[in-house]
Amino acid sequence: NAGVTQTPKFQVLKTGQSMTLQCAQDMNHNSMYWYRQDPGMGLRLIYYSASEGTTDKGEVPNGYNVSRLNKREFSLRLESAAPSQTSVYFCASSEALSARSETQYFGPGTRLLVL
Amino acid sequence: KQEVTQIPAALSVPEGENLVLNCSFTDSAIYNLQWFRQDPGKGLTSLLLIQSSQREQTSGRLNASLDKSSGRSTLYIAASQPGDSATYLCAVPTQGGSEKLVFGKGTKLTVNP
């Protein structure tokens with residue numbers, strides 16, 4: 001039982017390049033989340049998905065797209081990376097049986113540097 | 001808009017000391033509050049989740065309390081150990097029981113041997 005896994009662990013991009021961050025969970029959780037963590041700003045929600053095929057914007061969605069491929073996987077795509085997107089990205093999941101906030105389980109993070 | 005504040009931003013204590021971390025939030029109409037721990041370079045680990053109907057939740061040497069009316073929560077750590085050194089974050093729903101969480105910026109705790 002690996003929990004929440006994220007790939008890659010670290011990535012360097014040039015401005016304007018695109019990439020997809022991958023996230024998978026093996027806990028059969030309904031909800032999945034993407035956050036970014038920046039010094040002085042804390043952890044902020046980018047997008048979340050309450051179930052397969054549904055997604056909803058969080059606090060900072062601009063510049064990102066997401067895809068809930070199936071119940072296990074939730075990907076985050078940067079179409080045209082900008083230096084302001086340099087951050088540490090965390091994926092999380094929760095069982096969310098009642099569609100209310102429940103304990104969230106986090107992945108190890110992806111460190112992204114945009115030059 | 002829900003806002004979460006954690007004070008102090010950093011705390012350094014000698015081993016064995018009991019300590020309290022504070023969390024305050026602006027919208028008290030929440031269903032629960034969560035406390036997380038984050039080690040350097042790692043993801044977050046859930047410590048405790050307190051439902052609005054509870055006033056306290058305990059796990060080992062950790063005790064979290066929730067006072068919705070005042071918009072405050074505390075995390076009490078008993079007999080601190082060097083292994084407790086980490087950043088502690090609290091999080092509440094944006095509103096009600098929303099799955100969208102708002103996080104505080106955390107308290108960085110250092111426990112000195």
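In what follows, every chain begins at residue 1, and chains take the letters A, B, ... in the order their sequences are listed.
Against chain A, no residue from residues 13-24 of chain B qualifies, as none has a non-hydrogen atom under 4.5 angstrom away. Residues from residues 40-51 of chain A that place a non-hydrogen atom less than 4.5 Å from a non-hydrogen atom of chain B comprise A/Gly40, A/Met41, A/Gly42, A/Leu43, A/Leu45, A/Tyr48, A/Ala50, given in numerical order. Within residues 68-89 of chain A, no residue has any heavy atom under 4.5 Å from a heavy atom of chain B. Within residues 108-115 of chain A, the residues approaching chain B closer than 4.5 Å by heavy atoms are, in numerical order, A/Pro108, A/Arg111.
Annotation: the span from B/Leu89 atom CG to A/Gln37 atom CD amounts to 7.0 Å, rounded to 0.5 Å. How far OH of A/Tyr105 is from OG1 of B/Thr45: 10.5 Å, rounded to the nearest 0.5 Å. Summarising the geometry, atom CD belonging to A/Glu59 is positioned 5.0 Å from atom NZ belonging to B/Lys1; distances are rounded to the nearest 0.5 Å.
For a residue to count as touching a neighbouring chain, one of its non-hydrogen atoms must lie under 4.5 Å from one of that chain's; by this rule A/Gln6 does not touch chain B. When heavy atoms are compared at a cutoff of 4.5 Å, A/Lys9 does not approach chain B at all.
Follow the hydrophobic side-chain contacts under 4.5 Å out from B/Tyr31 and you never reach B/Val4; the two are in separate clusters. B/Val92 and A/Tyr33 fall into different hydrophobic clusters, where Ile, Leu, Val, Met, Phe, Trp and Tyr residues are linked whenever their side-chain heavy atoms come under 4.5 Å apart, directly or through other members. Grouping the Ile, Leu, Val, Met, Phe, Trp and Tyr side chains by contacts below 4.5 angstrom, directly or via other members, places B/Phe36 with A/Tyr35. If you chain together hydrophobic residues whose side chains sit under 4.5 Å apart, B/Leu66 and B/Val102 fall into the same group. B/Leu101 and B/Leu44 fall within a single hydrophobic cluster, where Ile, Leu, Val, Met, Phe, Trp and Tyr side chains are chained together by heavy-atom contacts under 4.5 Å.
For B/Lys42, the NZ atom is loosely surrounded, since the number of other residues' heavy atoms within 6.0 Å does not exceed 12.
Options A/Cys91, A/Ala92, A/Ser31 differ in how many heavy-atom pairs under 4.5 Å they form with chain B, and the most are formed by A/Ser31.
Using a 4.5 Å cut-off on side-chain heavy atoms (C-beta onward), B/Glu99 and A/Asp56 make no contact.
Nearest heavy-atom pair across A/Gln104 and B/Gln34 is N-OE1, 3.6 Å.
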